[in-house]
*Asks:* 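The structure follows.
Keep in mind the model is a prediction, meaning the values are calculated, not measured. Chain identifiers are assigned alphabetically (A, B, ...) following the order of the sequence lines, protein sequences preceding nucleic acid strands; residue numbering begins at 1 within each chain.
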2 protein chains.
Amino acid sequence: MAEIQGGENLLFLTDEQLRQGIEAMFFAYRGFTADPDRILATLAYGRAHHRAIHFIARSPGTTVNNLLAILGVTKQSLNRVLRTLIEDGLVISRVGSADKRERHLFLTEAGAALERKLSDAQRARMRAAYRAAGPQAVAGFRQVLEAMMDPDLRRRYHAIREDDR
Amino acid sequence: MAEIQGGENLLFLTDEQLRQGIEAMFFAYRGFTADPDRILATLAYGRAHHRAIHFIARSPGTTVNNLLAILGVTKQSLNRVLRTLIEDGLVISRVGSADKRERHLFLTEAGAALERKLSDAQRARMRAAYRAAGPQAVAGFRQVLEAMMDPDLRRRYHAIREDDR
DNA sequence: CTTGGAATGTCAACAAAGCTGACTTAATAT
DNA sequence: ATATTAAGTCAGCTTTGTTGACATTCCAAG
């Protein structure tokens with residue numbers, strides 16, 4: 001047993017195994033973004049728009065500041081994206097009732113429709129991958145991904161669902 | 001048994017589970033690139049340089065065309081990156097002996113040193129994540145990532161190691 | 001042996017999406 | 001009152017991707 005712990009069972013930590021994991025992440029992320037990217041390209045939007053739409057859909061009424069922290073970009077960068085989405089009628093920005101400095105972000109019907117379209121495409125690939133790999137593999141997949149996150153982002157990752165209150 | 005297959009065991013395919021997987025990919029990828037990005041920023045290089053260096057290190061003597069297919073960018077985009085790496089003495093481009101149209105790419109000592117530095121940082125995070133999650137989780141992680149790739153890239157992903165001949 | 005096509009490289013122009021820095025406005029908190 | 005915070009804006013810059021056009025070199029097929 002001590003043999004297994006210290007011996008061959010740590011083969012998954014060899015440099016070669018780690019390199020393969022790195023490359024797998026690289027190639028898989030390409031697949032991960034490929035389907036939404038194709039849809040976005042037809043609409044003159046990019047990945048940045050997708051991310052904003054995704055997290056607004058996920059946490060309706062979220063503030064700009066919260067979104068900034070989740071996305072990890074500057075407010076100037078996010079603002080450019082939000083401005084086009086608001087102009088195009090996909091997102092609404094409402095002044096906060098408690099704190100009127102804050103803007104709360106929501107998807108319009110059109111925004112929600114696009115979100116569904118993008119999400120459907122991305123989930124279809126995830127579903128196929130999950131189905132092909134099976135429940136146990138999926139559990140492992142999630143565990144490793146979580147362990148790869150920066151602690152701060154891991155907290156935010158968990159907080160997204162708890163925030164729905 | 002039929003119950004399990006069609007019932008609760010497919011909970012890993014609910015939209016909510018899939019969404020969580022999507023978000024996990026997003027946050028984990030940020031962690032995945034964070035450490036090399038910090039190093040690259042101090043050197044006036046970017047992720048594009050890292051990718052080129054990585055795959056040249058992985059398959060020394062690879063051709064520009066092969067690299068293009070792996071990286072999935074235009075030759076103009078790759079060329080700009082390669083040009084700076086060659087100018088800076090990190091990469092050598094050698095005219096092919098069999099086919100003199102082809103250029104074979106190699107890292108210089110300095111290039112290999114930078115590759116090691118970037119790779120060490122990235123592998124340290126992977127190693128920590130792998131260790132935290134355990135061998136079984138890692139196997140699942142790899143399975144799901146593979147299933148997410150486009151078939152073409154999946155072939156290239158496998159071919160990288162077989163190409164070392 | 002010529003010619004067509006492939007591989008490579010280069011020039012120019014452009015776009016998406018990030019960045020910094022400086023500044024305003026409004027509202028809250030101290 | 002004053003300081004701080006949330007949001008937005010303007011300007012300018014960088015990286016990394018894109019098209020399109022074109023030159024060079026070289027292999028291979030007719």
Side-chain angles (χ1 to χ4, degrees), chain A residues 26 29-30 33-34 36-56 61-88 91-106, chain B residues 26 29-30 33-34 36-56 61-88 91-106:
Chain A
F26 172 68
Y29 200 78
R30 290 260 298 278
T33 56
D37 279 357
R38 263 188 290 275
I39 296 169
L40 291 159
T42 69
L43 302 170
Y45 288 138
R47 243 177 247 183
H49 300 85
H50 183 191
R51 292 198 280 259
I53 288 173
H54 175 97
F55 286 107
I56 294 171
T62 187
T63 63
V64 172
N65 242 17
N66 185 40
L67 207 50
L68 279 177
I70 287 173
L71 297 177
V73 297
T74 59
K75 69 177 168 175
Q76 293 92 329
S77 198
L78 175 59
N79 203 254
R80 180 170 31 196
V81 166
L82 282 181
R83 197 162 41 208
T84 71
L85 291 175
I86 290 169
E87 279 170 7
D88 295 355
V91 167
I92 308 179
S93 162
R94 278 215 280 269
V95 173
S97 48
D99 186 336
K100 287 172 195 158
R101 287 170 305 180
E102 294 180 338
R103 302 300 140 89
H104 297 276
L105 303 168
F106 302 87
Chain B
F26 172 67
Y29 201 78
R30 291 259 297 279
T33 56
D37 279 356
R38 262 188 292 274
I39 296 170
L40 291 158
T42 69
L43 301 171
Y45 289 137
R47 241 176 250 181
H49 300 86
H50 183 192
R51 292 197 280 258
I53 288 173
H54 175 97
F55 285 108
I56 294 171
T62 187
T63 63
V64 172
N65 238 22
N66 185 40
L67 207 49
L68 279 177
I70 287 173
L71 297 177
V73 298
T74 59
K75 67 179 169 174
Q76 292 91 331
S77 197
L78 175 58
N79 202 255
R80 180 170 33 197
V81 166
L82 284 180
R83 196 162 45 209
T84 71
L85 291 175
I86 291 169
E87 278 169 8
D88 295 354
V91 167
I92 307 179
S93 163
R94 279 214 279 269
V95 173
S97 48
D99 184 336
K100 287 171 194 158
R101 288 168 303 180
E102 294 181 340
R103 301 301 140 91
H104 297 276
L105 303 168
F106 302 86

*Asks:* Looking across every strand, which nucleic acid part, if any, lies under 4.0 Å from B/Arg47 by heavy atom: base, sugar-phosphate, or nothing?
*Replies:*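 Sugar-phosphate only.
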
*Asks:* Mind calculating the distance between NE2 (A/His104) and P (D/dA6) to the nearest angstrom?
*Replies:*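 The answer, rounded to whole Å, is 12 Å.
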
*Asks:* Any side-chain N or O of B/His49 less than 4.0 Å from the OP1 or OP2 oxygen of D/dT15?
*Replies:*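 No, because none of the side-chain N or O atoms of B/His49 sits under 4.0 Å from OP1 or OP2 of D/dT15.
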
*Asks:* Which value, rounded to the nearest 0.5 Å, describes the distance between B/His104 atom NE2 and B/Ile56 atom CD1?
*Replies:*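 Separation between the atoms: 13.0 Å.
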
*Asks:* Is the terminal nitrogen or CZ of A/Arg51 (NZ for Lys, CZ for Arg) located under 6.0 angstrom from the six-membered ring centre of B/Phe26 and within 45° of that ring's axis?
*Replies:*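 Not satisfied by the 6.0 Å and 45° rule.
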
*Asks:* Check if the side chain of A/Gln76 and the base of C/dG21 share a donor-acceptor pair of N or O atoms closer than 3.5 Å.
*Replies:*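 Looking at the base of C/dG21, it does pair with a donor or acceptor on the side chain of A/Gln76 (distance under 3.5 Å).
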
*Asks:* From the options C/dT10, C/dA7, D/dG17, select the nucleotide whose nearest atom is closest to the side chain of B/Ser77.
*Replies:*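 Shortest atom-to-atom distance from the side chain points to D/dG17.
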
*Asks:* Base, sugar-phosphate or nothing for B/Ala98? Non-hydrogen atoms, less than 4.0 Å.
*Replies:*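 It contacts sugar-phosphate atoms only.
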
*Asks:* Does a side chain donor of either A/Thr84 or A/Asp88 reach within less than 3.5 Å of an acceptor in the other side chain?
*Replies:*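 No, A/Asp88 and A/Thr84 have no side-chain donor paired with an acceptor closer than 3.5 Å.
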
*Asks:* Taking OP1 and OP2 of D/dT9, is either one under 4.0 Å from a side-chain nitrogen or oxygen of A/Arg83?
*Replies:*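 True: A/Arg83 side-chain N/O within range (under 4.0 Å) of D/dT9 OP1/OP2.
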
*Asks:* Would you check if B/Leu78 and B/Val64 make a side-chain contact, meaning some heavy-atom pair closer than 4.5 Å?
*Replies:*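 Contact flag for B/Leu78/B/Val64 side chains = yes.
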
*Asks:* Among the nucleotides D/dA7, C/dA17, C/dG9, which one has an atom lying closest to any side-chain atom of B/Ser93?
*Replies:*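 Side chain of B/Ser93 sits closest to C/dG9.
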
*Asks:* Distance check needed: D/dT5 P versus A/Asp99 CG, whole Å only.
*Replies:*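 In whole Å, D/dT5 P lies 12 Å from A/Asp99 CG.
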
*Asks:* Between the base of D/dT25 and the side chain of B/Lys100, is one N or O donor paired with an acceptor at under 3.5 angstrom?
*Replies:*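 Under the 3.5 Å cut-off, the side chain and the base do not form any donor-acceptor pair.
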
*Asks:* Less than 3.5 Å between a donor and an acceptor, one on the side chain of B/Arg101 and one on the base of C/dA6, is that the case here?
*Replies:*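 Indeed, a donor on one side and an acceptor on the other fall under 3.5 Å apart.
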
*Asks:* Judged by atom type as modelled, is there a donor-acceptor pair below 3.5 Å linking the side chain of A/Arg94 to the main-chain atoms of A/Phe106?
*Replies:*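 Not confirmed, A/Arg94 side chain does not pair with A/Phe106 backbone.
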
*Asks:* Does OP1 or OP2 of D/dG17 have a side-chain N or O of B/Arg51 closer than 4.0 Å?
*Replies:*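 Result: yes.
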
*Asks:* Does A/Thr74 make a side-chain N or O approach to OP1 or OP2 of C/dC19 shorter than 4.0 Å?
*Replies:*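 Yes, within the criterion.
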
*Asks:* When the distance from CG of A/Leu71 to P of C/dG18 is rounded to whole Å, what number comes out?
*Replies:*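 Those two atoms, CG and P, are 8 Å apart.
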
*Asks:* Would you mind reading off the distance between A/Leu82 atom CG and D/dT9 atom P, rounded to a whole angstrom?
*Replies:*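 Between P of D/dT9 and CG of A/Leu82: 10 Å.
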
*Asks:* Roughly how many Å is it from CG in B/Asn65 to P in D/dC27, rounded to a whole number?
*Replies:*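 Computing the B/Asn65:CG to D/dC27:P distance gives 16 Å.
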
*Asks:* Give one of base, sugar-phosphate or nothing for B/Gly96, where a contact means two heavy atoms less than 4.0 Å apart.
*Replies:*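 Here B/Gly96 touches no strand at all.
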
*Asks:* Closest approach to the side chain of A/Arg80, judged atom by atom: which nucleotide of D/dG8, D/dA6, C/dA17 is it?
*Replies:*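 The nucleotide sitting nearest to the side chain is C/dA17.
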
*Asks:* Measure the distance from CG on A/Asp37 to C1' on D/dG17 and round it to the nearest whole Å.
*Replies:*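 The answer, rounded to whole Å, is 12 Å.
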
*Asks:* Taking CG from A/Asn79 and C1' from D/dT9, how many angstroms apart are they, rounded to a whole number?
*Replies:*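 That distance rounds to 7 Å.
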
*Asks:* In whole Å, what is the span from the CG atom of A/Leu40 to the C1' atom of C/dA15?
*Replies:*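 After rounding, the gap between these two atoms is 15 Å.
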
*Asks:* Describe the nucleic acid contact of B/Ala41 in one word from base, sugar-phosphate, nothing, applying a heavy-atom distance below 4.0 Å.
*Replies:*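 Touches nothing.
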
*Asks:* Test your reading of the model: is there a side-chain donor-acceptor pair from A/Thr42 to the backbone of A/Ile39, 3.5 Å cut-off?
*Replies:*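 Judged by distance alone, yes, a pair lies under 3.5 Å.
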
*Asks:* Using only heavy-atom distances, decide whether a donor-acceptor pair under 3.5 angstrom links the side-chain of A/Arg103 to the base of D/dG8.
*Replies:*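 Answer is no: no donor-acceptor pair is held.
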
